[in-house]
Amino acid sequence: MGIWNTITKLTYEFISTSTEQNFKNMQKKNLLSDEEMKRYKDLNEELKKVKKAHSEYISTENKKDKQIKKANSNTELSKEEKEKIIEEAEKNFEKFEDYFFEYGGGSKYGDKVSMREYMNEISQEILEIIKSNKE
């Protein structure tokens, strides 16, 4: 799971960086209409918000996974102690997840998969704007 999260994060960071540079270039060259420019800016801002929420979620999920891994690898703990630590880590993450998707940063997006899909949709729309104005 960690590798997928890293790849996803790097992909969206690359897209964000390249779209900001493309935006600046198109702005200088007046390649976008005012309407396209506004849409482009709005999409970039929305992508940043979703990425921030996704990053918060993934960071917390990774923290839980590290706690579980640490407990499992600790040979000094009894099986019961390990189970208690793991149960606590999962319980804390479930609380975070419930709050995050109900009231917090992820409340607009549904769940982790929906956030990824939404980031992909926004990225595709941004790329379409860029592509249509380069032709």
Side-chain angles (χ1 to χ4, degrees):
M1 191 58 117
I3 190 79
W4 171 248
N5 293 334
T6 302
I7 290 169
T8 301
K9 185 177 179 180
L10 290 173
T11 300
Y12 291 115
E13 284 178 14
F14 173 76
I15 289 170
S16 179
T17 302
S18 65
T19 55
E20 281 187 41
Q21 186 58 44
N22 281 328
F23 174 74
K24 289 175 184 174
N25 290 340
M26 287 188 279
Q27 199 173 28
K28 286 178 187 175
K29 296 176 184 177
N30 292 323
L31 293 176
L32 296 176
S33 68
D34 289 342
E35 185 179 303
E36 289 173 317
M37 191 72 77
K38 181 179 179 345
R39 182 69 181 145
Y40 192 85
K41 284 181 182 180
D42 291 346
L43 288 169
N44 272 319
E45 286 304 311
E46 185 63 17
L47 183 59
K48 287 177 186 177
K49 290 175 187 175
V50 180
K51 282 176 33 182
K52 182 179 177 186
H54 187 261
S55 181
E56 179 184 355
Y57 181 88
I58 295 302
S59 294
T60 306
E61 185 178 45
N62 288 341
K63 188 188 306 181
K64 173 200 70 155
D65 292 343
K66 285 178 186 176
Q67 288 173 329
I68 291 170
K69 186 176 181 180
K70 184 177 178 181
N72 281 327
S73 65
N74 189 338
T75 57
E76 295 177 12
L77 295 175
S78 69
K79 183 178 180 181
E80 292 79 22
E81 290 171 318
K82 288 180 183 183
E83 287 175 0
K84 185 177 178 184
I85 291 170
I86 292 168
E87 195 174 296
E88 186 69 24
E90 289 175 345
K91 182 179 161 189
N92 288 339
F93 181 72
E94 284 179 25
K95 285 180 184 176
F96 161 79
E97 192 173 39
D98 290 345
Y99 179 82
F100 181 78
F101 287 117
E102 182 130 358
Y103 307 105
S107 61
K108 288 177 52 179
Y109 311 114
D111 62 14
K112 182 170 86 171
V113 173
S114 296
M115 279 192 288
R116 284 187 187 146
E117 289 172 353
Y118 188 49
M119 285 188 290
N120 188 44
E121 289 171 18
I122 293 171
S123 298
Q124 290 301 319
E125 195 169 342
I126 289 169
L127 292 173
E128 287 299 316
I129 292 171
I130 293 169
K131 193 175 173 182
S132 69
N133 287 287
K134 283 189 173 186
E135 296 174 347

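Along the sequence shown, the residues carry numbers beginning at 1.
The distance from the CD1 atom of Ile126 to the CD atom of Glu128 is 11.5 Å, given to the nearest 0.5 Å. If you take CZ on Arg116 and NE2 on His54, they are separated by 4.5 Å, rounding to the nearest 0.5 Å. The CD atom of Glu83 lies 7.0 Å from the CD1 atom of Ile86; values are rounded to the nearest 0.5 Å. For the atom pair CG of Asp65 and CD of Glu90, the computed distance is 9.0 Å after rounding to the nearest 0.5 Å.
Listed for the Thr60 side chain is a donor-acceptor partner under 3.5 Å among the backbone atoms of Glu56.
Partners of Asp42 by salt bridge (charged side-chain N to carboxylate O under 4.0 Å, His left out), not counting sequence neighbours, listed by chain and number: Lys38. For Phe101, the ring pair (Phe, Tyr, Trp, His ring centres under 6.0 Å) criterion is met by Tyr57, not counting sequence neighbours. Under the rule for a salt bridge (charged side-chain N to carboxylate O under 4.0 Å, His left out), the partners of Glu46 that lie at least two apart in sequence or sit in another chain are Lys108. Take Glu125 and apply the salt bridge (charged side-chain N to carboxylate O under 4.0 Å, His left out) test, not counting sequence neighbours, and it matches Arg39.
The heavy-atom pair separating Leu43 from Ile122 by the smallest distance is O-CG2, 3.4 Å. Of all non-hydrogen atoms in Gly106 and Ala53, the two that sit nearest each other are N-CB, 4.5 Å.
Applying the ring pair (Phe, Tyr, Trp, His ring centres under 6.0 Å) test to residues at least two apart or on different chains, the pairs with a partner in residues 106-131 are Tyr109-Tyr118.
Linking ILVMFWY side-chain heavy atoms closer than 4.5 Å, directly or via other members, places Met37 and Leu47 in a single hydrophobic cluster. Ile85 and Phe96 end up in different hydrophobic clusters when Ile, Leu, Val, Met, Phe, Trp and Tyr side chains are linked at under 4.5 Å.
No hydrogens or angles considered: a donor-acceptor pair under 3.5 Å links the side chains of Asp111 and Ser114.
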Show me the donor-acceptor pairs, under 3.5 Å and distance only, between side chains in residues 66-82 and residues at least two apart or in other chains.
{"residue": "Asn72", "atom": "ND2", "partner": "Ile68", "partner atom": "O", "Å": "3.3"}
{"residue": "Ser73", "atom": "OG", "partner": "Lys69", "partner atom": "O", "Å": "3.1"}
{"residue": "Ser73", "atom": "OG", "partner": "Lys70", "partner atom": "O", "Å": "3.1"}
{"residue": "Asn74", "atom": "OD1", "partner": "Glu76", "partner atom": "N", "Å": "2.9"}
{"residue": "Ser78", "atom": "OG", "partner": "Glu81", "partner atom": "N", "Å": "3.1"}
{"residue": "Ser78", "atom": "OG", "partner": "Glu81", "partner atom": "OE1", "Å": "3.3"}
{"residue": "Glu81", "atom": "OE1", "partner": "Ser78", "partner atom": "N", "Å": "2.8"}
{"residue": "Lys82", "atom": "NZ", "partner": "Asn72", "partner atom": "O", "Å": "3.2"}
{"residue": "Lys82", "atom": "NZ", "partner": "Asn74", "partner atom": "O", "Å": "3.4"}

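Taking the side chain as every heavy atom from C-beta outward, Lys41 and Glu45 never approach each other to under 4.5 Å. Annotation: side chain of Glu61 is in contact with side chain of Ile58 (closest heavy-atom distance under 4.5 Å).
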